Amino acid sequence: MEELNQHEEEIMSLFWKQGELLIRDILEQLPDPKPPYTTLASTVRNLERKGYLSHRMYGTVNIYKPIISQEAYSKRSINRLVSTFFGGSVGSFLSFMVKEKNISEKEISELQDLIDKMDKPSS
């Protein structure tokens, strides 16, 4: 599956929040300056070609919906990030995040709780 650029991710976030959308619905929600309708339509068609959206016809209008969840996309993106920049090491990634202070004390505690739960054998 092809990667998304920042603009495509912005559009996909609308689909992940709302489900099915018409191109005019997307256009209304984008900040100014809004892209031309035809440019947005082209971007949506590219998202469909890349395998992120599907559509159904309602009269003469296409209604688009996501076919990949935000969770699946996030998981794939994080895995790619860890693989590309941290040699596949989740530990190196987490160490980097902690050093950059992008993880709060509370989040570190929650991660430790998660690790502790994973380490316990199932009964």
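Because the structure is a prediction, the values reported are computed rather than measured.
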- Note: V82 and V90 closest approach over all heavy atoms is CG1-N, 4.0 Å

- Note on the structure: L40 and P35 have their tightest heavy-atom pair at CB-CG, 4.4 Å

Using a 3.5 Å distance criterion without hydrogens, assess whether the side chain of [X] forms a donor-acceptor pair with backbone atoms of [Y].
{"X": "D113", "Y": "E110", "result": "no"}
{"X": "E28", "Y": "D25", "result": "no"}
{"X": "S13", "Y": "E10", "result": "yes"}
{"X": "K50", "Y": "N46", "result": "no"}
{"X": "S95", "Y": "G91", "result": "no"}
{"X": "K65", "Y": "L21", "result": "no"}
{"X": "S42", "Y": "T38", "result": "no"}
{"X": "E48", "Y": "V44", "result": "no"}

Between [atom1] on residue [X] and [atom2] on residue [Y], distance to nearest 0.5 Å:
{"X": "M97", "Y": "L111", "atom1": "CE", "atom2": "CG", "value": "10.0 Å"}
{"X": "F15", "Y": "E20", "atom1": "CZ", "atom2": "CD", "value": "9.5 Å"}
{"X": "L14", "Y": "I26", "atom1": "CG", "atom2": "CD1", "value": "7.0 Å"}
{"X": "I23", "Y": "H55", "atom1": "CD1", "atom2": "NE2", "value": "10.0 Å"}
{"X": "S74", "Y": "I68", "atom1": "OG", "atom2": "CD1", "value": "9.0 Å"}

- Query: Would Q112 and S109 count as having a side-chain donor-acceptor pair, cut-off 3.5 Å?
  - Reply: no

- Query: Do the side-chain N and O atoms of E8 and Y52 include a donor-acceptor pair separated by under 3.5 angstrom?
  - Reply: no

Please answer: with hydrophobic residues joined when any side-chain heavy atoms are less than 4.5 Å apart, are [X] and [Y] in the same cluster?
{"X": "L47", "Y": "V61", "result": "no"}
{"X": "I108", "Y": "L94", "result": "yes"}
{"X": "I11", "Y": "I63", "result": "no"}

- Message: Surrounding CZ of R76 (heavy atoms of other residues, nucleotides or ligands, distance under 6.0 Å), is the total greater than 12?
- Response: yes

- Might you confirm whether atom CD of E71 has over 12 heavy atoms from other residues, nucleotides or ligands at distances under 6.0 Å? no

- Query: Parallel, tilted or perpendicular: which fits the ring planes of F86 and F96, with parallel below 30° and perpendicular above 60°?
  - Reply: tilted

- Query: Between E2 and R49, is there a side-chain N and carboxylate O pair less than 4.0 Å apart?
  - Reply: yes

State, with a plain yes or no, whether a side-chain heavy atom of [X] is found less than 4.5 Å away from one of [Y].
{"X": "W16", "Y": "P66", "value": "yes"}
{"X": "R80", "Y": "E3", "value": "yes"}
{"X": "Y64", "Y": "R56", "value": "no"}
{"X": "L27", "Y": "L22", "value": "no"}

